[in-house]
Amino acid sequence: MPRTINYLAFLIVFAAPVHAGDLDFTFRKRIETGQGASQFEVVHEKTTWAADKTAVVICDMWNEHWCKGATGRVGEMAPRMNQVVNALRERGVLVIHAPSDTLDHYANTSQRKLAQSAPPVKTEIPLQGWCSLDTSKEAPLPIDDSDGGCDCVPQCEGRKAWSRQIDLIEIREGDAITDSAEAYYLMKQRGIENVIVMGVHTNMCVLGRPFSIRQMVNQGQNVVLMRDMTDTMYNPRMAPYVTHFRGTDLVVEHIEKYWAPTITSDQVIGGETFRFAGDVRPKIVVAIAEPQYGTRETLAHFARERWKQLQGFEVAILQGDPAKHDVPGLAEALQDADLLVLSARRVALPEKDARALRAYLDGGKPLIALRTSSHAFDARGQGPAGHTDWADFDAQVLGGNYQGHHPDGPVTTIAAVEGAAGHPILARIEGPFTSDASLYRAGPVASGATPLLVGRIDGAHAEPVAWTHRYGDAKVFYTSLGNPGDFANPVFQTLLDNAMRWTLE
């Protein structure tokens, strides 16, 4: 008998969680700054949860998805997720695997039977098979996923491809497997009040399934999303036309605003937060040095609003002084820039900056140039000592032929060049539009340029208004548009967004 007792004691000690106890997190929330203001500020809050009152729910990390891109991202994320889940399990957290529509595969496992063993609980708010967007509690989702969200080209055909959870995530004794309200019943049986949700897809099952965010919040559970252990079903060719990974960011922000705070995997296992290999956020350098058209305000505002805040890119805005022939910080910023956006007029750059600009372009880095940038560096020899002109910049780099402009006044009607409508820079630009900017005399463009838009005013020849060119390996887009009225035009805004995508492609 004594030997039996000692053996049982041994089992009890070593079967217990190795690091059971408290879980310390830093929650990220978004708090509305005023009632009905639709403005939110980011708030961080330190929180401690008891491990034995916490469950982690792994949503739909299938072995295969109908979308090849989604399948690849699940496979990339799964090893890190497995490390996180193992660490939480060792701390005493209940692990619930929720691979929807695959329960037959697990029918005879102890993990499936554990979930089934929890007695049903009557809830004030019914646990549904699916909880749709609740307009009384949240705004519409910030992404358009109405096409199913596949980001592959061409899009994959929808089908049931999954049969089980991906094998890279371990299922161990003491875990549970379910895809229904059983998850909540098991939590109530064990006195679990806290839920960590991870898995896919953030805009779909992570929000809507009976074991996921909306329904767990509705049942009064304390819920957090692990924001670096998730992915969306989002196609960047749909609104708001951001990258796939920025689409995930926007849905995460939506959850932080209306449903639950978020945490990251490094808070559990240390190291760096997880990031998909394809999630590369470019650095855009916006160099402004022209006194005529107000791009100091318009272009800077556009870049901050559209490329920094919406797209999530790193944006450096350099405000130059054309009178001093200087764009402070240009050489340094170009060292690690992925895209240069230029709005300048007759600036003779300091030699250091001129060398850096040539090195940037000679290195095959892309350029977007606006309006007066056709004569950006043709200072007509008026620059100070130690500064240098690049009089042939228009012809060599932009592929243009600037010959002055028509007088102010006539409205320019702008349309796609015949045969150019399928170019990606003209995506979502429908029909002719107008500009009150004076029409530049810019043609004919270089033989290697591809005209995209042409402008017409009464009594004058049509002129090219936008085109692409190659300077060596560097992709170049130029448009003679760019006055304040153009920046207020959604068509012009779309044109710049499309040019940004094309140059960075």
Side-chain angles (χ1 to χ4, degrees), residues 283-304 307 315-335 337 339-361 365-408 435-442 465-466 471 474 476-488 492 496 499:
K283 176 183 177 182
I284 299 177
V285 172
V286 180
I288 304 171
E290 64 82 24
Q292 286 186 302
Y293 295 104
T295 53
R296 184 180 186 90
E297 289 78 30
T298 56
L299 176 56
H301 177 78
F302 175 90
R304 282 192 295 265
W307 294 340
V315 176
I317 298 174
L318 309 181
Q319 297 284 7
D321 186 341
K324 295 181 179 178
H325 296 270
D326 192 18
V327 183
L330 181 61
E332 294 76 12
L334 289 178
Q335 290 179 4
L339 170 63
L340 172 62
V341 180
L342 181 67
S343 178
R345 181 182 184 275
R346 301 200 185 282
V347 175
L349 289 173
E351 290 182 2
K352 178 185 72 170
D353 293 332
R355 287 195 303 269
L357 175 62
R358 287 182 181 270
Y360 171 88
L361 293 168
K365 295 291 190 72
L367 170 70
I368 293 174
L370 307 182
R371 199 151 176 84
T372 57
S373 296
S374 58
H375 40 291
F377 308 115
D378 182 6
R380 297 171 171 169
Q382 300 302 308
H387 291 232
T388 182
D389 283 13
W390 191 350
D392 295 331
F393 179 79
D394 183 32
Q396 290 180 353
V397 178
L398 304 184
N401 184 31
Y402 176 68
Q403 301 292 329
H405 56 86
H406 290 278
D408 292 335
S435 172
D436 58 1
S438 59
L439 180 63
Y440 273 23
R441 296 185 176 97
V465 167
Y471 176 73
V476 178
F477 170 78
Y478 171 79
T479 178
S480 60
L481 303 175
N483 77 338
D486 294 330
F487 274 97
F492 180 70
L496 288 189

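- Side-chain contact between Val341 and Trp307: present, with at least one pair of heavy atoms (C-beta onward) separated by less than 4.5 Å.
- Under the 3.5 Å distance criterion, the side-chain polar atoms of Ser373 are matched with a main-chain donor or acceptor of Ala344.
- Atom OH of Tyr471 sits about 6.0 Å away from atom CZ of Arg358, to the nearest 0.5 Å.
- When all heavy atoms of Pro291 and Pro322 are compared, the closest pair comes out as CD-CG, 4.0 Å.
- The aromatic rings of Phe302 and Phe487 stand perpendicular to each other, their planes meeting at an angle above 60°, with 30° marking the opposite boundary.
- Ring pair Tyr440/His375 is tilted by interplanar angle, where 30° to 60° counts as tilted.
- Closest approach of Ser343 to Glu290, counting heavy atoms only: OG-CG, 3.4 Å.
- Between the Lys365 side chain and the Ala337 main chain, a donor and an acceptor come within less than 3.5 Å of each other.
- The only member of Asp378, Asp389, Asp394 that meets salt bridge (Lys or Arg N to Asp or Glu O under 4.0 Å) when paired with Arg346 is Asp378.
- Interatomic distance, CZ of Arg296 versus CD1 of Ile317, reported as 11.0 Å (0.5 Å rounding).
- By the 4.5 Å heavy-atom criterion applied to side chains, Asp353 and Asp326 are counted as neighbours.
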Original post:
Given the rule in the side chain to side chain contact (heavy atoms under 4.5 Å, CB included) test, do Leu367 and Leu398 qualify, once you have shown the distances and angles that lead to the verdict?
Top reply: CA-CA 9 Å; Leu367 170 70; Leu398 304 184; 3.8 Å; yes
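- Residues Val465 and Leu439 have side chains in contact (heavy-atom distance under 4.5 Å, counting atoms from C-beta outward).
- Heavy atoms only, all atoms of each residue included: Gly383 and Ala348 are closest at CA-CB, 3.8 Å.
- The distance from the CG atom of Leu318 to the CD atom of Glu332 is 9.5 Å, given to the nearest 0.5 Å.
- With no hydrogens or angles considered, no side-chain donor-acceptor pair links Arg441 and Ser480 at under 3.5 Å.
- Contact annotation: the side chain of Asp486 never approaches that of Thr298 to less than 4.5 Å [non-hydrogen atoms, C-beta and beyond].
- Within the 4.5 Å cutoff, side-chain heavy atoms of Phe377 are placed close to those of Leu342.
- Across all non-hydrogen atoms, the minimal contact from Thr372 to Gln292 is CG2-OE1, 4.0 Å.
- Residues Trp390 and Leu357 have side chains in contact (heavy-atom distance under 4.5 Å, counting atoms from C-beta outward).
- With rounding to the nearest 0.5 Å, the separation of OH in Tyr478 from CD1 in Ile368 is 13.5 Å.
- Distance alone, capped at 3.5 Å, is enough to place a donor-acceptor pair between the Tyr360 side chain and the Leu340 backbone.
- Minimum heavy-atom separation, Leu481 to Ser435: CD2-OG, 3.7 Å.
- The shortest heavy-atom contact between Tyr293 and Pro484 is O-CD, 3.4 Å.
- Annotation: the span from Leu361 atom CG to Gln396 atom CD amounts to 10.5 Å, rounded to 0.5 Å.
- No side-chain heavy atom of Lys324 sits less than 4.5 Å from a side-chain heavy atom of Pro350.
- Separation of atoms CG (Leu330) and CD (Gln335) is listed at 10.5 Å; rounding is to 0.5 Å.
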